[in-house]
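Below you'll find the structure, written out as structure tokens, and then a few comments.
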Amino acid sequence: MRMYDILSNKKHGAALTDEEIRFFVDGFTSGEIPDYQASALLMAICLQGMNEHETAVLTGAMAHSGETADLSSIPGVKADKHSTGGVGDKTTLIVCPIAASCGVPVAKMSGRGLGHTGGTLDKLESIPGLQTTIEPERFRAIVRSIGYANIGQSGNITPADKKLYALRDVTATVDSIPLIASSVMSKKLAAGSDAILLDVKTGSGAFMKTLDDAVRLAQMMVSIGVRSGRRMAALVTDMDRPLGNSIGNALEVEESVEVLRGQGPGDLEELCVDLAAYMLLLAGAGASLSDCEALAKDAIQSGRAFDKFCEMVAAQGGDVSVLTGGFRKAPIISPLKAAQSGIITHMDAEACGMASLALGAGRVRKEDGIDHSAGIVLQKKTGDTIAEGETLAWLHTSDAGKLQEAETILSAAVTVGETPPPAAKTVLAVVTEDGVSML
Ligand code: URA
């Protein structure tokens, strides 16, 4: 078999055979297929697409390109969740302890932020002392003993995705449904959980800008998981506006703690309860969605979910005292004032993520360090009324030289008008193996 023929087939729109797909993934992972041929195939897939069968075979080959986690020593139905990436999206820090405090084991592996989207691993690492690199046996032991651990993906899990994602990032081939589906699902299948809830984001802060594309991506991922014997559901959720008020690592952990203690922003709590309820339903923790919603709400109100989060932080070596006593604040906290009065009719979520990045909260390249205390706390969001000179947001940074760029990006992200925008829904569609329900 020759890579040249595979490239030519996909260029002309043919469906690749199972053998061709496996030949590509194995050869690229081992280094025999060079980056330039892999890049050409990624672009051909972006332009010509892949059918459901091809995408499932690609996912399987990527999932088995390295080690897979064995969670069989942990009793119960293990549940996982994954978001396709957003701005202010700290739901994993809230939903996982809710599920674990309701008796569902959560063995979570998370990634870092890239571009304008944040990553759970970076958020967790803003807790002083917290270890995210933990040997598999100890990881499983923590889940067996407290029901919940959250680490980074070990170096040997889905090496094909690591290499492919890095290439996609620099070849304009990220926003392709089969490539995102295989990237996400290969990691989820390799991570070994029985039940997987997906949060597929759509809107200005998401990779899928339209609802139609987000639903198609959700359907593809649900179908791949079901073919592999996993219990699957996906919620398609709004990412046209940042989630909650805080963007940036330590700021987002603080806001997650507020939600876990029943004092967080309404949009964030509402979405987390919805996600947790579906995760509990998939894991069989309740008989109906409304039972599971009640369980999730009770986990917050009783303090059990917050206690579970503290247990995980302590088990992974983190300093629990910051969760109640507060994080070290950035030395510079500067207000951004509104330039005109009116109603905020739109706030570009991707630009908010870019402004936070400019303050030091994210990386421009994968190997860059980050400032865990940097980020943005929004005082006003879409739909709010604002007066000229009123504070729109607080910008946190350790470097005064970064303020101006962030202010420029954030000011341009906000549109002020006279007519209130339509009320936003958090969950736009639910996708299961039985079909799509638009809400
Ligand atoms: N998240 C992933 O893990 N992979 C993608 O391709 C996009 C978002």
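Remember, it's 1-based here, ligands and their atoms both numbered in the order they're listed.
- Every atom of ligand 1 with a heavy atom of T84 under 4.0 Å away is listed here by number and element: 8 (C).
- Annotation: Y165 places no N or O atom under 3.5 Å from an N or O atom of ligand 1; distance criterion only.
- For the residue pair S193 / R230, no side-chain donor-acceptor distance below 3.5 Å is found, with atom types taken as modelled.
- Taking every heavy atom of V184 and a limit of under 4.0 angstrom, the matching atoms of ligand 1 come to 1 (N), 2 (C), 3 (O), 4 (N).
- Atom CZ of F207 and atom CG of L217 lie 11.0 Å apart (nearest 0.5 Å).
- One option in K201, K187, M208 has a heavy atom closer to atom 2 (C) of ligand 1 than any other, and that option is K187.
- In the model, E52 has a side-chain atom that pairs as donor or acceptor with a side-chain atom of S223 under 3.5 Å.
- Applying the 4.0 Å criterion to heavy atoms of R168 picks out, from ligand 1, the atoms 6 (O).
- Side chains of T397 and D399: a donor-acceptor N/O pair is absent below 3.5 angstrom, by distance only.
- Under 4.0 angstrom from ligand 1, the non-hydrogen atoms of I180 come from both its backbone and its side chain.
- For atom 4 (N) of ligand 1, the closest heavy atom belonging to the protein is S183 OG, 2.6 Å.
- Residues S204 and D348 have side chains that never bring a donor and an acceptor to within less than 3.5 angstrom of each other.
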